[in-house]
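Note that ligands are numbered from 1 as they come in the structure, with each ligand's atoms numbered from 1 the same way.
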Amino acid sequence: MVPLKRRKVSWTGGASTSDSRDDASKFPQVVLFLLERKMGTSRRIFLTELGRKKGFRVDEVFTENVTHVISEKNSGDEVRGWLSSQGHGSTPAHLVDISWLTESLSAGCPAHILQRHRLTERQTSSRDEAAAFSMPVYACQRRTTLDHRNAVFTEALSLLAENAELSEDGGRAVAFRRAAATLKAFPEQVTDARQLRGCPCLGRHSLGVIQDILENGTSREVEATRRSERFQALKLLTGIFGVGTKTAAQWFREGIRNLPQLLQSGCALNGAQRAGVAHYDDLTQDVTKAEADVVGRIVEEAVGAELPGARVVLVGGFRRGKPSGHDVDFLITHPQEGREEGLIPKVVARLEARDFLLYHKSSRNSYAEANVAPARPARPARPASSMDHFERCLSIWKVPTPEPHSHRDDAAPRRGECRRWRAARVDLVVCPFSQFAFALLGWTGSKLFERELRRWAAHRKDMSLSSHALYDNKQREFLPAATEEEIFAHLALEYVPPSERNA
Ligand code: UTP
Ligand code: MN
């Protein structure tokens with residue numbers, strides 16, 4: 001496995017731990033503080049360790065003891081803004097650029113502060129310039145939390161993305177998804193399109209939508225799409241479990257717009273689609289975290305009984321902190337590689353015996369046949385794609401509910417009878433232990449975050465990333481990883497925790 005420097009426990013400590021470093025310092029008059037803003041956590045940690053090794057005192061927390069505030073890619077205004085937000089508006093500390101630190105480190109002592117080390121002020125007279133904001137281009141370089149300030153815009157752009165997906169216009173869909181992701185990561189509420197100058201992935205079309213909303217409160221294009229018969233029908237039809245965009249488009253061409261018309265049409269439905277129709281109402285209701293936890297306990301019990309020592313991890317949107325989702329995803333592995341093989345059929349039999357499954361379709365691991373994993377490490381025959389080859393079970397569950405469930409559909413035992421369950425989609429994925437970190441990263445999402453990781457890997461690092469492995473095309477070798485942190489390190493990306501992958 002790749003050795004990776006771990007954070008010391010003291011990193012989580014506050015001011016008390018940093019003050020105790022006083023004695024160790026070779027330069028008692030100098031107390032450094034590194035601003036994480038724009039520098040990023042891993043670089044700050046790296047530079048702090050390096051500074052301390054060279055005998056500098058580097059504090060974790062800003063206090064009045066600090067003599068030098070060191071930052072990277074920030075203007076004087078930005079640093080002062082940060083300091084006042086922390087209640088230290090008028091510090092006498094020097095505000096210096098990272099170049100001062102690197103020169104001091106190579107000199108082995110604090111360098112004289114020259115003019116070029118001092119942070120320059122940025123013009124704040126013009127609103128445009130003040131707002132010019134630098135955002136990294138790839139969503140995997142950014143931290144995107146669930147709460148953000150631009151929902152009106154992101155919802156509008158996401159609807160256009162969804163419409164493009166339903167129309168199988170993948171390129172356009174991704175463009176809208178990227179634009180929405182930029183707004184999710186934008187730190188302030190957008191009230192003027194000029195604020196977005198310099199932001200990546202905002203094409204003319206997306207900017208036009210934003211401008212329309214700013215001027216009129218809504219976007220005409222978005223509202224027209226939302227109301228269009230085609231969008232509504234395709235959304236409804238693809239909302240049926242087992243129905244993809246191609247099938248839905250075919251049905252639409254045949255004049256089918258809704259469920260009653262579909263059933264009347266006499267169209268042949270496959271098993272998945274029949275289950276999807278039978279449980280349509282339940283499956284179009286989001287699954288809550290509480291329901292996901294109920295499923296999680298049942299999965300853990302079944303997996304534990306069949307394969308003691310196996311690990312079950314809740315992945316997908318719930319791992320990113322979402323309060324609800326369209327399904328529940330679990331990743332399962334065992335520390336002894338090989339023990340996990342063939343686990344799905346056993347777990348499914350156990351779940352069926354307990355009457356939890358309304359529908360399931362399992363597939364075995366096909367990684368070896370997929371021609372992506374040659375016996376001897378060599379360049380994978382195919383570029384890494386979002387398709388993976390794990391042993392897997394796609395299922396619809398009866399999830400026990402505490403309250404009797406109201407129902408309007410045909411899924412109840414008898415009409416008028418109460419049931420204490422709801423139908424919900426559950427995905428079980430089994431992976432070999434050596435691929436666990438990759439599978440975990442791949443199955444945590446969001447989909448755009450994953451796509452951006454793969455794009456970063458391919459375009460910036462000449463590597464192929466999948467949910468199975470990371471391959472270095474230049475070195476012609478697979479890069480192993482036991483943790484997600486190691487994969488980010490291989491990709492020379494700052495680690496982004498799951499809750500900040502909501503791009
Ligand atoms: P989901 O489609 O379940 O998305 O896939 P989600 O983020 O959990 O959204 P909700 O909350 O259910 O609505 C979860 C992750 O698993 C990956 C996707 O790329 C996504 O990142 N995934 C999904 C795969 O790698 N392969 C698949 O076949 C399906
Ligand atoms: Mn999911």
*Would you list the protein N, O or S atoms within less than 2.8 Å of the Mn ion (ligand 2), leaving out water?*
Asp327 OD1, Asp329 OD2

*Are Arg220 and Glu223 within salt-bridge range, i.e. N to O under 4.0 Å?*
no

*Using modelled atom types only, decide if a donor and an acceptor are shared between the side chain of Asn258 and the backbone of Leu236 within a distance under 3.5 Å.*
no

*asked:* When you compare the side chain of Pro432 with that of Glu340, does any pair of heavy atoms fall below 4.5 Å?
replied: yes

_Proximity to ligand 1 by part of Glu450, non-hydrogen separation under 4.0 Å_ = side chain

*asked:* Among all the protein's non-hydrogen atoms, which is closest to atom 28 (O) of ligand 1, and how far away is it?
replied: Arg392 NH1, 2.8 Å

*How does Arg451 reach ligand 1, if at all, at less than 4.0 Å between non-hydrogen atoms: by side chain, backbone, both, or neither?*
neither

*Examine distances only and state if a side-chain atom of Ser395 and a backbone atom of Trp397 form a donor-acceptor pair shorter than 3.5 Å.*
no

*Heteroatom distance test (Gly317, ligand 1): nitrogen or oxygen, under 3.5 angstrom*: yes

*Using distance alone, decide if ligand 1 has a nitrogen or oxygen within less than 3.5 Å of any nitrogen or oxygen in Ser467.*
no

*May I ask you to list the atoms of ligand 1 that are less than 4.0 angstrom from any heavy atom of Gly316?*
8 (O), 14 (C)

*Where's the contact between Val315 and ligand 1, heavy-atom distance under 4.0 Å: side chain, backbone, both or neither?*
neither

_Can a donor-acceptor pair be found, under 3.5 Å and without considering hydrogens, that links the side chain of Asn150 to the backbone of Glu188?_
yes

*Please identify which atoms of ligand 1 are closer than 4.0 Å to at least one heavy atom of Lys322.*
9 (O), 10 (P), 11 (O), 13 (O)

*What residue and heavy atom of the protein are closest to atom 17 (C) of ligand 1, and at what distance?*
Gly442 O, 3.5 Å

*Go through the steps to decide whether Arg319 and Glu484 satisfy the test salt bridge (charged side-chain N to carboxylate O under 4.0 Å, His left out), and finish with yes or no.*
CA-CA 13 Å; Arg319 182 160 184 254; Glu484 290 181 312; 3.0 Å; yes

*Salt-bridge test for Glu452 and Arg142: reply yes if a basic N is under 4.0 Å from a carboxylate O, no otherwise.*
no

_If the cut-off is 4.0 Å to any non-hydrogen atom of Asp388, which atoms of ligand 1 fall inside it?_
25 (O), 26 (N)

*Selected option - heavy-atom contact closest to atom 7 (O) of ligand 1, from Lys447, Arg320, Arg319, His326*: Arg320

*May I ask whether Met387 has any heavy atom positioned less than 4.0 angstrom from an atom of ligand 1?*
no

*Measure from the side-chain N and O atoms of Arg419 to the backbone N and O of Trp421, and report whether any donor-acceptor pair falls under 3.5 Å.*
yes

*Quickly, which of Glu391, Glu369, Glu341 forms a salt bridge (Lys or Arg N to Asp or Glu O under 4.0 Å) with Arg364? Name it, please.*
Glu369

_Would you say the rings of Phe241 and Tyr359 are close, in the sense that their centroids are separated by under 6.0 Å?_
yes

*In terms of residue, atom name and distance, what is the protein heavy atom nearest to atom 26 (N) of ligand 1?*
Trp443 CZ2, 3.4 Å

*Thinking salt bridges, do Glu36 and Arg143 make one under a 4.0 Å N-O criterion?*
no

_Pair Lys289 + Asp293: basic N to acidic O under 4.0 Å_ = yes

*How far is atom 21 (O) of ligand 1 from its nearest protein heavy atom, and which residue and atom is that?*
Gly445 CA, 2.9 Å

*Identify which one of Glu450, Arg451, Arg455 satisfies the side chain to side chain contact (heavy atoms under 4.5 Å, CB included) criterion when paired with Leu453.*
Glu450

